[in-house]
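Report on the following structure.
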Amino acid sequence: AIRSARLARTIGARNLHKARLQQEQERCCLATKEAIQAASARFSAAADAGAPPCELAQLSEEHADCLARYAEANRRSAKIGSRNSIARSVATAHLADEDRHQDELSSIDASIEQIERRLGAAKLRYQGALLGLELLSDDIHRRRVASRCCWSSGSAFVCKTR
């Protein structure tokens, strides 16, 4: 947050905002471009497999929708402003660093969650082992007490003494 505040003061909050918008639009353009490629692949696979015309028409319509979304994303990206601004390129680089940092934090959080799950499982195994030891100890204690005391002498029980 401190770096973002310094960057906003240095290059201007407006440029930083535009860089964020531009970055979002570039992501949108990339996502729609990937959707176009996926729709093209589905259409080609269906055509090669001899799909019925109604299915091909539906896939063609899906492809056309992807193209329209891509064109709209490009129009919005161009509307945001030129990409030649030095301030915006600095802001874009900063935002990319921020994204990488967030990705690293997400990875660390996922690792922590995994370790916590493994720790919980280890604690349960430890508790089970302790319970088993406790039962074993109790059994040994009962056998010792039984072997020292109370053996049968005819009809009466007599305790042994040492």
Side-chain angles (χ1 to χ4, degrees), residues 1-140:
I2 293 171
R3 280 185 55 189
S4 293
R6 283 188 202 141
L7 187 63
R9 278 194 308 269
T10 304
I11 66 169
R14 187 168 190 254
N15 282 328
L16 185 59
H17 177 70
K18 281 191 174 186
R20 275 197 180 102
L21 291 175
Q22 188 172 353
Q23 186 182 40
E24 289 171 13
Q25 279 310 122
E26 287 172 0
R27 285 184 186 145
C28 184
C29 287
L30 181 62
T32 55
K33 188 175 184 179
E34 290 170 354
I36 290 169
Q37 292 169 343
S40 293
R42 284 191 299 276
F43 181 85
S44 294
D48 291 345
C54 62
E55 184 180 339
L56 291 176
Q58 181 183 359
L59 291 170
S60 178
E61 187 177 314
E62 181 183 322
H63 186 264
D65 288 343
C66 290
L67 286 172
R69 285 195 307 270
Y70 181 71
E72 178 60 28
N74 276 331
R75 274 193 294 278
R76 280 183 281 175
S77 185
K79 198 184 247 188
I80 290 172
S82 71
R83 297 180 182 183
N84 297 331
S85 168
I86 293 172
R88 274 195 221 122
S89 64
V90 168
T92 301
H94 169 74
L95 293 173
D97 287 344
E98 244 180 33
D99 285 347
R100 278 191 295 278
H101 178 70
Q102 288 300 322
D103 290 345
E104 288 175 16
L105 287 177
S106 296
S107 175
I108 290 169
D109 287 344
S111 295
I112 289 171
E113 287 175 11
Q114 180 186 24
I115 289 168
E116 285 175 342
R117 283 192 303 273
R118 288 173 43 204
L119 177 64
K123 283 181 178 180
L124 288 174
R125 285 192 310 273
Y126 181 74
Q127 284 176 337
L130 281 179
L131 180 61
L133 285 173
E134 186 178 348
L135 293 173
L136 183 61
S137 176
D138 289 347
D139 187 46
I140 290 169

message = When you measure from the side chain of S137 to the backbone of L133, do you find a donor-acceptor pair of N or O atoms at a distance under 3.5 Å?
response = no

Pairs of donor and acceptor atoms involving the side chains of residues 101-112, under 3.5 Å and at least two apart or interchain, shall be tabulated with distances.
{"from": "S106", "atom 1": "OG", "to": "Q102", "atom 2": "O", "distance (Å)": "3.0"}
{"from": "S111", "atom 1": "OG", "to": "S107", "atom 2": "O", "distance (Å)": "3.1"}

query = Do R69 and D65 have side-chain heavy atoms sitting under 4.5 Å apart?
reply = yes

request  = Determine, stepwise, if the pair R75 / E72 fulfils salt bridge (Lys or Arg N to Asp or Glu O under 4.0 Å).
outcome  = CA-CA 5 Å; R75 274 193 294 278; E72 178 60 28; 2.9 Å; yes

ask   = Passes side chain to side chain contact (heavy atoms under 4.5 Å, CB included), E134 versus D138? Steps please.
value = CA-CA 6 Å; E134 186 178 348; D138 289 347; 4.2 Å; yes

request  = Could you list the residues that satisfy side chain to side chain contact (heavy atoms under 4.5 Å, CB included) with I140, not counting sequence neighbours?
outcome  = L136, R144

inquiry  = Taking atom CD as the centre, does Q25 end up with more than 12 heavy-atom neighbours from other residues, nucleotides or ligands that are less than 6.0 angstrom away?
reply    = yes

ask   = Taking atom CD of E26 and atom NZ of K33, what is their separation to the nearest 0.5 Å?
value = 12.0 Å

task = Report the distance from atom NZ of K123 to atom CD of Q127, rounding to the nearest 0.5 Å.
result = 8.5 Å

ask   = Could you give the distance from CD1 (I36) to OG1 (T32), rounded to the nearest 0.5 Å?
value = 5.5 Å

message = Nearest 0.5 Å, please: how far is CG in L67 from OG in S40?
response = 7.0 Å

note = Correct closest heavy-atom pair for L56 and F43 would be O-CE1, 3.4 Å

